[in-house]
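To start, the structure under review is shown below, and the notes come after it.
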Amino acid sequence: MTQPTMIRREHGRRPLLLDLFCCAGGAAMGYRRAGFDVTGVDLAPRPNYPFAFHQGDALAFLAALIASGDIHRFAAVHASPPCQAGCALTVGTNHSQGWGRTHVDLVAPTRTLLEETGLPYVIEQPNGRAAIRKDLWLCGEMFGLGVLRHRNFELGGWSIEQPAHPKHRGYVRGYRHGVFRDGPYVAAYGSGGGKATVAEMQTAMGIGWTDVREELTEAIPPAFSEHIGRALHATLRPLEVAA
């Protein structure tokens, strides 16, 4: 793997992080709170994205940055490529019932370009069969959230200590196999069957800047990326060179 290059930036300025497949900015907000400025890229228009945003193909945008050398304006990259090809729901319930459709797996081409940048990177995916290294995995209970939202992270060019996984306090509220269970967590995906309302998802994940259900169901809680971002920021600090 290519080792991260030294990032030259003015002392005291926030390092810039590239947020690929950014959706409405759940990850971005956490990185911002951890000390980064953030630029997002997504194929769909995202008027609720709270920071600088470019609409377009994320991999084409990254390839263009690499080709031009502009990638070195950035200190790190986070990528959340579409997860439907490998997520637990797609390969589990949907597959067994013959539901859903074919999904493109963008993890491998994303990783190839990220390694070409020479920058430290993060690839995020949900539990399932996505072909990433599980260098870190996080759960909402680690941060006292109202969702579990288990997520796996591959870390390129840097590392972070795995936090302990506290015991879950109960069930995720909703129906499962025809049985309704109440619990301290809400299901922030889909609709019906006792799943979370928009307001419940906003509260449970700590996301108040979008009320679009699809954006909320795709988001990771900012607490996850703030935790990652603080460790990443500390990793970058020794690389700073005064301009």
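The model shown is predicted, which means the values in this text are computed figures rather than measured ones. The first residue of the sequence shown is numbered 1, and numbering continues consecutively from there.
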Determine whether more than 12 heavy atoms belonging to other residues, nucleotides or ligands lie under 6.0 Å from atom CZ of Phe180.
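Yes, the 6.0 Å shell around CZ holds more than 12 heavy atoms from other groups.
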If I compare all heavy atoms of [X] with all of [Y], which pair ends up nearest, and what's the gap?
X	Y	result
Phe224	Leu148	CZ-O, 4.0 Å
Trp209	Pro222	CH2-CG, 3.8 Å
Arg33	Gly206	NH2-O, 4.4 Å
Ala219	Gly26	CB-CA, 4.5 Å
Pro221	Arg149	CD-CG, 3.8 Å
Leu59	Pro109	CD1-CB, 4.0 Å

Please check: side-chain N/O of [X] versus main-chain N/O of [Y], any donor-acceptor pairing under 3.5 Å?
X	Y	result
Ser159	Leu155	no
Glu154	Ile132	no
Thr217	Tyr189	no
Trp158	Leu236	no
Tyr185	Arg169	yes
Gln125	Val107	no

May I ask you to test the [X]-[Y] pair for a side-chain heavy-atom distance under 4.5 Å?
X	Y	value
Pro163	Leu136	yes
Glu215	Asn48	yes
Val41	Cys22	no
Leu232	Phe36	yes

Over 60° means perpendicular and under 30° means parallel, so tell me whether Phe53 and Tyr49 are parallel, tilted or perpendicular.
tilted
Atom pair [atom1] ([X]) and [atom2] ([Y]), whose distance is rounded to the nearest 0.5 Å:
X	Y	atom1	atom2	answer
Lys195	Tyr175	NZ	OH	11.0 Å
Met29	Asp19	CE	CG	11.5 Å
Leu216	Met205	CG	CE	5.0 Å
His54	Leu65	NE2	CG	8.0 Å
Leu138	His150	CG	NE2	9.5 Å
Gln202	Asp211	CD	CG	6.0 Å

Could you walk me through whether Thr197 and Val186 pass side chain to side chain contact (heavy atoms under 4.5 Å, CB included), step by step?
CA-CA 9 Å; Thr197 65; Val186 297; over 6 Å; no
[Y] versus [X], side-chain donor and acceptor atoms under 3.5 Å:
X	Y	result
Thr235	His233	no
Asp37	Tyr31	no
Asn152	Glu124	no

Apply side chain to side chain contact (heavy atoms under 4.5 Å, CB included) to the pair Phe74 and Thr117, showing each step before the final yes or no.
CA-CA 10 Å; Phe74 296 89; Thr117 68; over 6 Å; no
[Y] reachable from [X] in the ILVMFWY side-chain graph, under 4.5 Å edges:
X	Y	answer
Val172	Met201	no
Ile220	Trp137	yes
Leu18	Ile66	yes

Salt bridge (Lys or Arg N to Asp or Glu O under 4.0 Å), that's the test. Do Arg46 and Glu218 meet it? Break it down for me.
CA-CA 13 Å; Arg46 299 294 182 184; Glu218 293 291 328; over 6 Å; no
Between Arg173 and Glu200, is there a side-chain N and carboxylate O pair less than 4.0 Å apart?
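A salt bridge is present here (some side-chain N lies under 4.0 Å from a carboxylate O).
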Among all residues two or more places apart in sequence or in another chain, which pass the ring pair (Phe, Tyr, Trp, His ring centres under 6.0 Å) test with Phe153?
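By the ring pair (Phe, Tyr, Trp, His ring centres under 6.0 Å) rule, Phe153 matches no residue at all.
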Check the pair Val77 / Leu17 against side chain to side chain contact (heavy atoms under 4.5 Å, CB included), numbers first and verdict last.
CA-CA 6 Å; Val77 187; Leu17 182 137; over 6 Å; no
Between His227 and Phe143, ring centroids under 6.0 Å:
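Judged by ring-centre distance (under 6.0 Å), His227 and Phe143 do meet the cut-off.
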Output, in order, the C-alpha distance, side-chain angles, deciding distance and verdict of side chain to side chain contact (heavy atoms under 4.5 Å, CB included) for Phe51 and Arg32.
CA-CA 9 Å; Phe51 308 115; Arg32 173 69 184 185; 3.6 Å; yes
